Amino acid sequence: MILATPEMSFRRLTSTTFIVACTVLTSTFTAAVVSAAPNTYVHATDGSCLGNSPCYDNLSSAVQNVDNGGTVTVLSNVTGALTSAFSKQNITIQGSPATVVHNNQILINEFVTGWTIRDIVFTAPITIRDVVGSLTFQNMSANTINVGDFTVDTTATLTFSNVTTTVSGVVIGGAVGSSISGSILIEDSDITGANIKVRTGSGPATNLNADVIFRNSMMHGGARIQIDGQDVGGLGSLVGDVLFDDLTCDVPQARLGIITFGDVTGDLAGDITIQNSDCYWIAVLTTGGTAGSIGKLTMTGNYTEALEVVANNGGLTGPLVMRNNILEEQGDVTDVDFLLLLVEVDYVNEDIFIEDNDAPLAETAIRTLDGDFAKDVVIARNNLAYLTLDVQGSGDYLFAPQIVDNFLPASGLTTYGDLTLRTRDGGTLPGAVVSGNTADVLRVTMTGPVTSDVTMTGNTVREETTIIGASMGAGRMDMTGNNLEGTSWVSSIGADMHFNRFQGMLTVTNGTDADATLNWWGCDEGPDTADCASLNNQQFDFAPWLVFNAGADCTPPNATASFNVQTASDDSKPAGNITPGWVSVSTSDGTLEQDPTLMTGMGSVNAVLDGGVSMPSFTVTLDNETRMVSTSCSDSIFADDFESGDTSAWN
């Protein structure tokens, strides 16, 4: 930034000293107003402006006497305010290269048309009320930059490039009833914060139609876009597209995002993207009035403690993507009870993708308050503490949700590590895919009909699995290949449970149509025996069950222990077996490649044999079954290792 150089600090100090010393002399060369010129110059002490003319000792006179389209160049540090635009259009006010305007602010309540302010430092605030055409701040600094309150609708292009503020940041706003169109760009800047606001009243709608870009900047206290309902019955929407890209906040509890609040009715209808940003709280919210939907929203690659999308009086009308975000405590806030990833809306009319987020301490909830999930919901490959997908009101799932490959780490907290798929108030579930997840608790609870099968495959549940339906119906629970280490409960829904590993008690309530055959229960004797998982009752099919087998073979210098649960207790060999289990293998005859190993129906472990071993043996254990297996090693027929592919002796 141009504002932090030692030279600038030196200029600021010496010019201040010089001004104090020459107060009496200053008045002797104040330039009189002359005819307009294409370029004017300002110097605090040199009446010739270092050989440039026309020359003035104050900024106001130089602006008053420059031509439209001309340039005002400030050649030294000066004092003085600028309180009028003098109807000048398309002018540039610039430093040389970064001179300082001390003490007094720019305060213009007239229309400013096409101005550029660059390469200059203002130690006081800049306030410009109304803008026509464009207004550009470039390579400059001010105490505060306040553009607004607009007294009429504006279509201006507002640009802030390489700007620094030292007190209150950048504020852009309209008076009640004044819409903001055109475009707003803040980039490559270091500002204390940014706030863009439109205020709605009881008259015509007040909208933010402008495309807004925040990019590659330090936003110390955050950056927010607000639609603020000031009067009863206010109407206001965000129509333009919004991009927050590569922003950083470093003030505790700084916020980044978009919000409607107060008595306002309106939508966030533009395409909104928040990406690659670091801020305590990142959110898109509609919280006031009688309506407030959210359109296309993308939140990717952010680092935050809270990531929220809330439409209390509206829904999602565009696709929502939350991908590759990191949620963790940033160390700038104490006593944080939990981290949060929240999507809470009345209804969902477009796809939702919650994917590849790393939030191991974050509670995550995706729910509708009073409407349908009318499109696909995909929650995949996330690292989360707590996950709920929930039709909380009277809505339905119209498409089968997919909850796939999520990891909910064991935390020791009773409210964490839970994965829940739920309907309430009679909501319909047209099937679902719950696959490859790891959690403390897995719950699927329905108060309405399940119209197609729910597929639960390859999940690991450490403590409790609960499947509760409202009634028997067309849809069934297809539970295949799950590792269920704790208690399990199935009630009031058809369930087909095959090739699962049960370790705790299974309860199937009376009248539930459950087929629990071809599962592994922890021992060969089957459920409800001394070493196996138990049953709360036996009013369902559970025989035949799977039994454990192991064997070994050897081709020096390696030996292999193999194992499987491919055979059932009635000696049948059912197809499609993907039963999981952790198998422990040991041997005294060599070095194992891995132990324990995850079995999926079957598996094997290799050992590199010690020298001279001809009959290696293994101990193979799956849960409460142990097998001792051994084998004889076969020798090579040919001494030249022909069997291994070496044919050199044949040449």
Side-chain angles (χ1 to χ4, degrees), residues 1 158-165 169-172 183-197 208 210-226 238 240-260 268 270-286 294-310 318-333 336 339-343 352-362 364 382-384:
M1 289 288 179
L158 305 178
T159 302
F160 303 78
S161 180
N162 194 21
V163 168
T164 297
T165 62
V170 172
V171 180
I172 301 170
S183 66
I184 300 170
L185 170 64
I186 299 177
E187 65 177 357
D188 303 323
S189 295
D190 185 341
I191 59 181
T192 48
N195 193 9
I196 300 173
K197 179 186 290 188
L208 180 61
D211 292 336
V212 180
I213 297 176
F214 294 88
R215 181 167 56 205
N216 190 33
S217 295
M218 169 64 81
M219 302 282 184
H220 293 278
R224 280 171 282 183
I225 296 174
Q226 300 175 214
L238 183 148
D241 297 340
V242 175
L243 172 65
F244 294 85
D245 182 22
D246 196 16
L247 306 178
T248 300
C249 310
D250 62 359
V251 173
Q253 301 191 39
R255 300 190 171 195
L256 193 70
I258 303 171
I259 184 171
T260 69
L268 305 181
D271 290 354
I272 301 168
T273 301
I274 305 176
Q275 62 187 25
N276 305 323
S277 294
D278 177 351
C279 203
Y280 160 75
W281 175 93
I282 299 175
V284 176
L285 312 173
T286 62
I294 299 172
K296 182 179 180 181
L297 175 58
T298 303
M299 309 172 91
T300 59
N302 300 291
Y303 177 67
T304 184
E305 292 192 14
L307 198 65
E308 293 186 69
V309 177
V310 175
L320 169 64
V321 176
M322 288 182 170
R323 189 173 288 146
N324 293 315
N325 299 287
I326 298 174
L327 277 70
E328 65 180 20
E329 188 172 347
Q330 298 181 353
D332 54 11
V333 180
V336 174
L339 304 166
L340 184 65
L341 191 159
L342 175 65
V343 179
I352 294 179
F353 298 94
I354 314 292
E355 299 178 319
D356 302 302
N357 298 288
D358 187 11
L361 295 178
T364 301
N382 300 285
N383 185 13
L384 306 169

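All values reported here derive from a predicted model rather than from experimental measurement. The residues of the chain are indexed from 1 along the displayed sequence. What's counted below: heavy atoms across the whole structure, side chains too, no hydrogens, waters or symmetry copies.
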For [X], check side chain to side chain donor-acceptor pair (under 3.5 Å) against everything at least two apart and list the hits.
{"X": "Arg323", "result": "Glu355"}
{"X": "Asp358", "result": "Asn383"}
{"X": "Asn302", "result": "Asn325"}
{"X": "Asp271", "result": "none"}

Distance-minimising heavy-atom pair for [X] and [Y]:
{"X": "Cys249", "Y": "Gly222", "value": "SG-CA, 3.7 Å"}
{"X": "Arg255", "Y": "Trp281", "value": "CB-CE3, 3.1 Å"}
{"X": "Leu185", "Y": "Arg215", "value": "CD1-NH2, 3.7 Å"}
{"X": "Met219", "Y": "Phe214", "value": "CE-CD2, 3.2 Å"}
{"X": "Ser189", "Y": "Ser217", "value": "N-OG, 3.0 Å"}
{"X": "Leu285", "Y": "Glu308", "value": "CD2-CB, 4.2 Å"}

Review point. Are Thr165 and Thr192 close enough, and set up right, to give a side chain to side chain donor-acceptor pair (under 3.5 Å), and what steps lead you there?
Key: CA-CA 6 Å; Thr165 62; Thr192 48; 3.2 Å; yes
[X] [atom1] to [Y] [atom2] distance, which is reported to the nearest 0.5 Å:
{"X": "Leu384", "Y": "Ile354", "atom1": "CG", "atom2": "CD1", "result": "9.5 Å"}
{"X": "Ile172", "Y": "Ile184", "atom1": "CD1", "atom2": "CD1", "result": "4.5 Å"}
{"X": "Gln226", "Y": "Thr260", "atom1": "CD", "atom2": "OG1", "result": "10.5 Å"}
{"X": "Thr298", "Y": "Leu320", "atom1": "OG1", "atom2": "CG", "result": "8.0 Å"}
{"X": "Ile225", "Y": "Ile272", "atom1": "CD1", "atom2": "CD1", "result": "7.5 Å"}
{"X": "Met299", "Y": "Leu341", "atom1": "CE", "atom2": "CG", "result": "8.5 Å"}

Exercise for review: Mind running side-chain contact (heavy atoms from CB on, under 4.5 Å) on Leu361 and Glu328 for me, showing each step along the way?
Suggested key: CA-CA 7 Å; Leu361 295 178; Glu328 65 180 20; over 6 Å; no
**Study point:** Result of checking Ile213, Asp211, Val212 against Leu243 for side chain to side chain contact (heavy atoms under 4.5 Å, CB included)
**Key:**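 With Leu243 as partner, side chain to side chain contact (heavy atoms under 4.5 Å, CB included) holds for just one option, Ile213.
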Point to revise | Among Leu297, Ile294, Leu268, side chain to side chain contact (heavy atoms under 4.5 Å, CB included) partner for Ile258 | key: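 One option only clears the test, and that one is Leu268.
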Practice item. Decide side-chain contact (heavy atoms from CB on, under 4.5 Å) for Val170 and Phe160; before the verdict, give the C-alpha distance in whole Å, the side-chain angles of both, and the deciding distance to 0.1 Å. Key: CA-CA 9 Å; Val170 172; Phe160 303 78; 3.8 Å; yes
**Study point:** Exceeds 12 heavy-atom contacts within 6.0 angstrom, atom NZ of Lys197
**Key:**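 Enclosed: over 12 neighbouring heavy atoms sit under 6.0 Å from NZ of Lys197.
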Check your understanding: Just by modelled atom types, is the Asn357 backbone N or O under 3.5 Å from a matching donor or acceptor in the Asn382 side chain?
Key ->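 Checking the backbone N and O of Asn357 against the side chain of Asn382, a donor-acceptor pair under 3.5 Å is found.
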Point to revise | Backbone N/O of Cys279 and side chain of Thr304: donor-acceptor pair under 3.5 Å | key: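 Checked: pair present.
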**Study point:** Which residues share a side chain to side chain contact (heavy atoms under 4.5 Å, CB included) with Asn216, sequence neighbours left out
**Key:**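 Partners of Asn216 by the side chain to side chain contact (heavy atoms under 4.5 Å, CB included) criterion, ordered by chain and then number, come out as Asp188, Asp246.
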Check your understanding: Does the side-chain contact (heavy atoms from CB on, under 4.5 Å) test come out yes or no for Leu256 and Ser277, once each step is laid out?
Key -> CA-CA 9 Å; Leu256 193 70; Ser277 294; 3.7 Å; yes
Review point. By salt bridge (Lys or Arg N to Asp or Glu O under 4.0 Å), which residues pair with Asp356, not counting sequence neighbours?
Key: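 In terms of salt bridge (Lys or Arg N to Asp or Glu O under 4.0 Å), with neighbours along the sequence ignored, Asp356 is linked to Arg381.
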Check your understanding: Got Leu327 and Glu305 here, is their nearest side-chain heavy-atom distance under 4.5 Å?
Key ->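 Side chain of Leu327 against side chain of Glu305, heavy atoms only: no contact under 4.5 Å found.
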Practice item. With side-chain contact (heavy atoms from CB on, under 4.5 Å) as the test, would you mind laying out the steps for Leu342 and Val309 before giving the verdict? Key: CA-CA 6 Å; Leu342 175 65; Val309 177; over 6 Å; no
